[in-house]
Structures are given as structure tokens and as C-alpha cells.
Peer 1: 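Right, I'll just put the structure down here and ask away after.
Model, not experiment: these values are computed from the prediction. Start at 1 and go down the list; that is how both ligands and their atoms are numbered.
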Amino acid sequence: MGRPTYDMELIANKKLADNTLGLTFRVTEPPTFEAGQFISILFEHNGEELKRSYSIASSPEQLKSEGVLEIAIGLVKEGKASECFSNAKVGNTFQMSGPFGMLTLPEQHPKRLIFVGTGTGVAPYRAMLPQLEQLGRQGQAIHILMGARQRGDLFYTDDFQKLAESSDSIFFNACLSREQNVNTTANEYSGYVQYRLEEISLTPGEDLIYLCGNPFMIDDCVKQLIERGFGPREIKREKYTFSR
Ligand SMILES: Cc1cc2nc3c(=O)[nH]c(=O)nc-3n(C[C@H](O)[C@H](O)[C@H](O)COP(=O)(O)OP(=O)(O)OC[C@H]3O[C@@H](n4cnc5c(N)ncnc54)[C@H](O)[C@@H]3O)c2cc1C
């Protein structure tokens with residue numbers, strides 16, 4: 001027997017940033033999920049049935065109360081899903097399966113929670129916003145590092161800035177690898193997320209690190225973390241590998 005599938009209808013398709021779409025779906029009889037998980041969406045491309053995975057970018061509470069789920073898609077040149085979703089119109093229907101994945105919040109909280117995401121890799125952290133706000137109120141130290149090439153590639157930053165403003169123990173940084181002039185007062189940094197990760201004095205045994213997005217960034221960060229003495233249980237990761 002195959003995995004259960006759920007019907008979903010596109011209710012909004014908007015541009016979040018250069019090359020990034022934000023899609024909102026209404027899901028019929030939705031499953032429950034934990035913030036940080038992903039779904040697989042089935043779609044048709046030139047008569048071929050295909051599926052691609054996407055992190056859920058909205059909270060479980062929103063799905064439960066409104067039946068609504070959001071995803072962010074980074075458009076890829078000549079990508080099949082990229083083409084399908086770029087042309088998708090409100091009212092189009094799809095099917096999804098899931099939820100899948102273990103990039104969820106821990107039961108025991110470490111001294112610091114560090115969330116690293118490149119591009120749409122911040123989507124799972126956006127789904128965690130209500131829980132992170134609550135943790136911040138309890139004084140939990142949280143760092144969110146978003147990596148992008150330039151300012152025009154950023155999105156969801158208002159949500160993360162607002163979260164950071166809700167608690168003295170929450171910090172948000174946008175790390176821009178190809179931007180000449182960064183605005184440090186708006187928490188922008190120059191360079192890759194890996195560099196910023198080095199600057200925040202990581203401590204094995206105290207920090208739990210989440211990595212999500214570009215597989216090369218993840219491999220690079222894992223190498224850096226292992227060299228610093230982190231064990232595999234202190235690193236949670238979700239690689240956005242391409243379909244073959
Ligand atoms: C667990 C998981 C979660 C994911 N979550 C998200 C998410 O939240 N948002 C999101 O945008 N994507 C996410 N992805 C990636 C997503 O599933 C697709 O791979 C992506 O949307 C590209 O699909 P496509 O059909 O448009 O491109 P394809 O038709 O699969 O690929 C077209 C061409 O582009 C190349 N390519 C594909 N992806 C990339 C890339 N990222 N960078 C450079 N070249 C590429 C391929 O090698 C191929 O040559 C996730 C992947 C996994 C495994």
C-alpha cells in the first residue's frame with residue numbers, strides 16, 4: 001500500500017524575492033505535522049507524473065485552524081517543478097504526501113539553538129516561529145542565520161526580525177555572500193553563513209545546530225563543526241538534494 005495522499009488547492013501564488021515563489025495551499029483533511037518537517041508534492045509536467053519535496057514554511061497551528069499550508073520554492077533554471085509552479089494558478093489542484101523529516105525542535109533544550117538556512121532552507125524555521133517566540137520568552141538563546149547571495153534574494157526577514165525583537169535572547173542575521181554594502185544595523189553580514197557561524201563562538205556540549213538547504217553549505221558546515229568537536233547528535237540537517 002502506498003503512502004496516503006492529501007488533496008490540496010492553490011489559494012495564493014506570489015513572488016517572495018527574486019527567483020523565489022511563496023505558495024499557499026488549502027489542504028483537504030490535512031495530516032498533523034511538526035514544525036520543521038517537509039511534504040512531497042505530486043504534479044504533472046508534460047504528461048509525466050513527478051514529485052518534489054518542500055519544507056512546510058507555515059506553522060502546524062495554521063494548518064490545524066485554517067487548513068492552510070505555505071511553502072517557498074527557489075526557482076531553478078529549466079526545473080520541472082519550477083516551471084510547473086511558476087505557471088500554477090489559484091484554483092489549481094495537487095496532491096501531497098507526508099509529513100516527513102526529523103528537523104524538528106528537541107525535547108530537551110540545549111544552552112543555545114542555532115538555526116542555519118540558505119535560501120528556502122529557512123522555511124522550516126519559519127514554521128517554528130510560534131514555538132521559538134515562546135522559547136524566547138523563557139530566555140532560551142536562539143540564533144537564526146539566513147544565507148543568500150544578495151539583499152534581493154532575502155524573504156521572511158520581517159518575520160525573523162520581529163521574532164528577534166520579541167526577546168533579548170533571540171538573534172537574527174542575514175549573511176549576504178555577494179553584497180558589497182551590508183547594513184549591519186539591519187543585522188546584515190557580509191559573507192557566507194559558515195563565516196558567521198565561526199564568529200558566534202560555538203561550544204560543543206552547549207549548542208544544538210540545525211542546517212537546512214544547499215547540500216554544499218551543509219557539508220561545509222558539518223566539516224567545520226566536527227573539526228570544532230561537535231558530535232553527530234549535536235547537528236540536525238536537511239539537505240535539499242535535487243531529484244534525479
Ligand atoms: C527534503 C527536501 C526538502 C526540500 N525543500 C525545498 C524547499 O522548501 N524549497 C525549495 O525550493 N526546494 C526544496 N527542495 C528541493 C526541491 O525538492 C526541488 O529539487 C527543487 O524545487 C528543484 O526542482 P525542479 O523540478 O524545479 O528542478 P529539476 O527539474 O529537478 O532540475 C532541473 C535542473 O536544475 C538542477 N537543479 C535542481 N535544483 C537545483 C538547485 N537548488 N540549485 C542548482 N541547480 C539545481 C538539476 O540538477 C537539473 O539539472 C527540497 C528537497 C528535499 C530533498
Peer 1: On a heavy-atom basis, I'd like to know which of S55, G79, G121 is closest to atom 8 (O) of ligand 1.
Peer 2: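 Answer by nearest heavy atom: S55.
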Peer 1: Which one of S53, S40, P215 has a non-hydrogen atom at the shortest distance from atom 13 (C) of ligand 1?
Peer 2: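 Going through S53, S40, P215 one by one, S53 has the nearest heavy atom to atom 13 (C) of ligand 1.
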Peer 1: What atoms of ligand 1 come closer than 4.0 angstrom to any heavy atom of K239?
Peer 2: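 Per the distance check, 52 (C), 53 (C).
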Peer 1: Can you list the atoms of ligand 1 that are under 4.0 Å from a heavy atom of R52?
Peer 2: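 It comes down to these atoms of ligand 1: 17 (O), 18 (C), 23 (O), 24 (P), 25 (O), 28 (P), 29 (O), 30 (O).
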Peer 1: Between Y125 and V116, is there a donor-acceptor pair closer than 3.5 Å when you use the side chain of the first and the backbone of the second?
Peer 2: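 Side chain of Y125 to backbone of V116: a pair is present.
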Peer 1: Judged on heavy-atom distance to atom 41 (N) of ligand 1, which of F43, F216, F242 sits nearest?
Peer 2: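 Result: the heavy atom closest to atom 41 (N) of ligand 1 is in F242.
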Peer 1: May I ask you to identify the nearest protein heavy atom to atom 51 (C) of ligand 1, giving residue, atom name and distance to one decimal place in Å?
Peer 2: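 For atom 51 (C) of ligand 1, the nearest protein heavy atom is Y240 CA, 3.6 Å.
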Peer 1: What part of A123, side chain, backbone, both or neither, has a heavy atom within less than 4.0 angstrom of ligand 1?
Peer 2: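 Under 4.0 Å from ligand 1, A123 contributes no heavy atoms.
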Peer 1: Taking 4.0 angstrom as the limit, do K239 and D219 come out as a salt bridge?
Peer 2: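 The answer is yes: the pair qualifies as a salt bridge.
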Peer 1: Using a strict threshold of under 4.0 Å (side-chain N to carboxylate O), is an ion pair present between R151 and E188?
Peer 2: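 Yes.
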Peer 1: Tell me the closest heavy-atom pair linking K236 and T104, and the distance in Å.
Peer 2: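 Nearest heavy atoms, K236 then T104: NZ-O, 2.8 Å.
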Peer 1: Starting from atom 35 (C) of ligand 1, locate the nearest protein heavy atom and write down its residue, its atom name and how far away it is, to 0.1 Å.
Peer 2: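 Here the nearest protein heavy atom works out to V76 CG1, 3.8 Å.
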Peer 1: Report the part of A72 (side chain from C-beta onward, or backbone N, CA, C, O) that has a heavy atom under 4.0 Å from ligand 1; answer both or neither where that applies.
Peer 2: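 Only the backbone of A72 comes within reach of ligand 1.
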Peer 1: What I want to find out is whether R196 reaches E199 closely enough, with some N-O distance under 4.0 Å, to be called a salt bridge.
Peer 2: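 So R196 pairs with E199 through a salt bridge.
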Peer 1: Show me which atoms of ligand 1 lie under 4.0 Å from any heavy atom of K80.
Peer 2: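 So the answer, numbered in order with elements, is 24 (P), 25 (O), 26 (O), 27 (O), 28 (P), 29 (O).
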Peer 1: Looking only at N/O atoms, are Y54 and ligand 1 under 3.5 Å apart anywhere?
Peer 2: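 Min N/O separation from ligand 1 is below 3.5 Å for Y54.
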Peer 1: Could you find the nearest protein heavy atom to atom 11 (O) of ligand 1 and give me its residue, atom name and distance?
Peer 2: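 Nearest neighbour among protein heavy atoms for atom 11 (O) of ligand 1, to 0.1 Å: G74 N, 2.8 Å.
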Peer 1: Taking 4.0 angstrom as the limit and counting only heavy atoms of A81, give me the atoms of ligand 1 inside it, by number and element.
Peer 2: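 That gives atoms 24 (P), 25 (O), 26 (O) of ligand 1.
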Peer 1: Nearest to atom 10 (C) of ligand 1, what protein heavy atom do you find, and at what distance?
Peer 2: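 Looking at atom 10 (C) of ligand 1, the protein heavy atom closest to it is T120 OG1, 3.4 Å.
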Peer 1: Where is the tightest heavy-atom contact between L103 and P124, given as atom of each residue plus distance?
Peer 2: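 It is CD2-CG, 3.8 Å.
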Peer 1: Less than 4.0 angstrom from a charged side-chain N to a carboxylate O is my criterion; do R126 and E70 meet it?
Peer 2: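 Looking at E70 together with R126, the answer is yes, because their closest N to O distance falls below 4.0 Å.
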Peer 1: Using the ring of each side chain (for Trp, its six-membered ring), is F94 parallel, tilted or perpendicular to F25, with breaks at 30° and 60°?
Peer 2: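 Perpendicular.
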Peer 1: Regarding ligand 1, does I73 bring an N or O atom to under 3.5 Å of one of the ligand's N or O atoms?
Peer 2: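 The answer is no, given that I73 and ligand 1 share no N or O pair closer than 3.5 Å.
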Peer 1: Under 4.0 Å from atom 48 (C) of ligand 1, do we find at least one protein heavy atom?
Peer 2: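 Under 4.0 Å from atom 48 (C) of ligand 1, zero protein heavy atoms found.
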Peer 1: Looking only at the aromatic ring of each residue, does the gap between the centers of F43 and F85 stay below 6.0 angstrom?
Peer 2: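 Distance test on ring centres: under 6.0 Å, yes.
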Peer 1: Using side-chain heavy atoms (C-beta onward) and a distance below 4.5 Å, is F33 in contact with L63?
Peer 2: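 SC-SC contact between F33 and L63 confirmed.
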Peer 1: Considering only non-hydrogen protein atoms, determine which one is nearest to atom 26 (O) of ligand 1 and report residue, atom name and distance to 0.1 Å.
Peer 2: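 Answer for atom 26 (O) of ligand 1: S82 OG, 2.5 Å.
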Peer 1: Consider ligand 1: state whether an atom of it lies below 4.0 angstrom from any non-hydrogen atom of T241.
Peer 2: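 Contact check T241 vs ligand 1: positive.
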Peer 1: Do F38 and ligand 1 have an N or O pair less than 3.5 Å apart?
Peer 2: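 No: no nitrogen or oxygen of F38 is under 3.5 Å from one in ligand 1.
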Peer 1: Going through the checks in order, is the side-chain hydrogen bond (donor to acceptor under 3.5 Å, both in side chains) test met by Y54 and T120?
Peer 2: CA-CA 9 Å; Y54 295 99; T120 51; over 6 Å; no
Peer 1: Are any side-chain N or O atoms of E179 and backbone N or O atoms of L176, one a donor and one an acceptor, separated by less than 3.5 Å?
Peer 2: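 Judged by distance alone, no pair lies under 3.5 Å.
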